[in-house]
Colleague: 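My questions all concern the structure below.
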Amino acid sequence: LSSRLRWINLGDSDGVDEGLDVIEGLRNSPKTLPCRYFYDERGSLLFERICQLPEYYVTRKEEAVLASCAEEIARLTGACELVELASGSSGKSRLLLDAYNQWDSPLFYCPIDVSAGMLKSSALDLLREYPKLQVCGVAGTYEAALSQLSASEFVPRMLIFLGSRLGNLSPQAGDRFLSYIKSNLQPGEFFLCGVDLQKSPEIIEAAYNDTQGVTAAFNLNILRHINRRFHGNFAVDQFTHFAFYNQVAGQIEMYLRCWQSGIVRLDSLNLQVPIQAGETIRTEISRKFYLPSLISSLKQQGFQSVRVWTDPQNWFALLLCQC
Ligand code: AVI
């Protein structure tokens, strides 16, 4: 298998500004934490469990849409190298690999994820399942990984960004991100993006307040991760999870509420900030999209929409764009 696997480990930090985003967020009022700190090894496993929860429709809907259109995507793009951002356990990518695997051409897959452990084990599983597959796994942040990848000599690339992860960025950060993706692709290359659409708030809120408490554990894990990473003293058991749908902004907002006043210390960042009982820290936004606005943002960033697929209830959409 190793002859078909290339491995690049860039680490899970972005180097120079390590922790600056945490300092900035905790000095904000109201306090925030960057959601990228959810994903240490434990957080990535908790997220895999979220994807299987009965209330969390996002993954199932996306899988259903992808299953119904994977072959059409492959026909529309022709042979190409699949580059997936935040690939996790690569579950959904199998649907695309199956579609591209039907042809005689070589099969290239480049999964990118901060969780090196999950990346490696899923890459090995894929190599066993697809005998002609060649994998180049990159462990690192999106930004670091994208800047390392060069265009393939033989086939165009399709950058895949599933799971509505675009929704975890603010509108401004989302636009910056799309423009960064665009600048890393060549004319004629493809971008496949899966997004969660606006729908009744009750359905959305249930998905982020599951009855088994997995989302709560995932949310609280950000504090454990930050404690470990920056020698912090967050008293994790003094915080509780809540999430609500902000209809004006069209986004779910996830928070941790603190129940005991004290001083938050992150020793390796030299940070000390007071926190009051009842105060909240916003840990995530998850935007729910209105398709026409998203298509026009993509267009502004230089992406042409090739095709859009949704499920029959219009809960989730997959967009295939070309640069
Ligand atoms: C990864 N991301 C798209 C998920 C979402 O739905 O925003 C993260 C998540 N947070 C709570 N549940 C799932």
Side-chain angles (χ1 to χ4, degrees), residues 12 32-63 65-66 84-93 111-115 118-119 122 141-142 160-171 173-174 177-178 181 192-225 239-246 249-257 280-289 294 311 315-319:
D12 65 352
T32 60
L33 279 173
C35 66
R36 69 190 183 104
Y37 291 99
F38 281 138
Y39 302 97
D40 60 353
E41 292 291 335
R42 180 169 183 262
S44 299
L45 288 172
L46 284 167
F47 180 62
E48 293 288 314
R49 282 182 59 199
I50 288 179
C51 293
Q52 286 156 21
L53 290 170
E55 298 95 334
Y56 194 74
Y57 59 86
V58 179
T59 313
R60 272 185 305 279
K61 283 286 175 195
E62 183 173 54
E63 260 165 17
V65 179
L66 196 53
E84 182 173 16
L85 291 177
S87 51
S89 62
S90 298
K92 286 171 275 193
S93 352
I112 298 170
D113 206 287
V114 281
S115 169
M118 190 173 291
L119 192 65
S122 54
T141 61
Y142 306 151
I160 306 168
F161 195 43
L162 299 179
S164 205
R165 287 184 180 258
L166 185 63
N168 296 137
L169 301 174
S170 69
F177 183 67
L178 290 175
I181 286 183
L192 180 70
C193 183
V195 292
D196 197 16
L197 301 177
Q198 295 184 352
K199 61 185 71 59
S200 133
E202 295 77 57
I203 296 167
I204 302 177
E205 282 185 346
Y208 292 80
N209 290 289
D210 68 278
T211 54
Q212 294 173 47
V214 184
T215 310
F218 172 74
N219 197 3
L220 288 162
N221 186 60
I222 200 171
L223 300 182
R224 286 181 214 282
H225 182 195
F239 286 81
T240 48
H241 155 85
F242 75 96
F244 82 99
Y245 187 60
N246 175 338
Q251 63 193 25
I252 265 280
E253 299 179 0
M254 270 200 346
Y255 293 87
L256 289 168
R257 189 185 298 283
T280 60
I281 304 179
R282 197 189 70 202
T283 51
E284 184 177 61
I285 61 160
S286 190
R287 285 191 289 144
K288 305 302 165 190
F289 292 88
L294 177 61
D311 59 296
W315 282 16
F316 199 92
L318 263 186
L319 295 92

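Atoms within each ligand, like the ligands themselves, are counted from 1 in listed order. These values consider heavy atoms only, across backbone and side chains, with no hydrogens, waters or symmetry-generated copies.
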Colleague: Just which atoms of ligand 1 are under 4.0 Å from any heavy atom in S164?
Modeller: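 By the 4.0 Å cutoff, the relevant atoms are 3 (C).
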
Colleague: Could you tell me which atoms of ligand 1, counted from 1 in the order shown, lie closer than 4.0 angstrom to a heavy atom of Y56?
Modeller: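 In order of number, 4 (C), 5 (C), 6 (O), 12 (N), 13 (C).
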
Colleague: Can you find a pair of side-chain heavy atoms, one from Y57 and one from W315, that are under 4.5 Å apart?
Modeller: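 Yes, their side chains come closer than 4.5 Å.
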
Colleague: Side-chain contact, heavy-atom cut-off 4.5 Å: E284 with I252?
Modeller: no

Colleague: Near M254, which atoms of ligand 1 are under 4.0 Å from a heavy atom of that residue?
Modeller: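 Under 4.0 Å from M254, ligand 1 has these atoms: 11 (C).
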
Colleague: Yes or no: does N168 have any heavy atom under 4.0 Å from an atom of ligand 1?
Modeller: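 Contact present.
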
Colleague: Are the side chains of L223 and T283 in contact, using a 4.5 Å heavy-atom criterion?
Modeller: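 Not touching, per the 4.5 Å side-chain cut-off.
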
Colleague: In terms of atom number and element, which parts of ligand 1 are under 4.0 angstrom from non-hydrogen atoms of G163?
Modeller: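 Every atom of ligand 1 under 4.0 Å from some heavy atom of G163: 3 (C).
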
Colleague: Is the F218 to Y39 ring centre distance short of 6.0 Å?
Modeller: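 Yes, the ring of F218 comes within the 6.0 Å limit of the ring of Y39, centre to centre.
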
Colleague: Among all protein heavy atoms, pick out the one at the shortest distance from atom 8 (C) of ligand 1; state its residue, atom name and that distance to 0.1 Å.
Modeller: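 Nearest neighbour among protein heavy atoms for atom 8 (C) of ligand 1, to 0.1 Å: E284 OE2, 3.3 Å.
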
Colleague: Quick check: does any side chain N or O of Q198 sit under 3.5 Å from a backbone N or O of K288, one acting as donor and the other as acceptor?
Modeller: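 Yes, the answer is positive, given that a donor and an acceptor are paired below the 3.5 Å cut-off.
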
Colleague: Closer than 4.0 Å to some heavy atom of S286 - which atoms of ligand 1 meet that?
Modeller: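 Atoms satisfying the 4.0 Å criterion: 5 (C), 6 (O), 7 (O).
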
Colleague: Pick, from F38, Y39, F218, the option with the minimum heavy-atom distance to atom 1 (C) of ligand 1.
Modeller: Y39

Colleague: Do the side chain of D311 and the main chain of F316 share a donor and acceptor less than 3.5 angstrom apart?
Modeller: yes

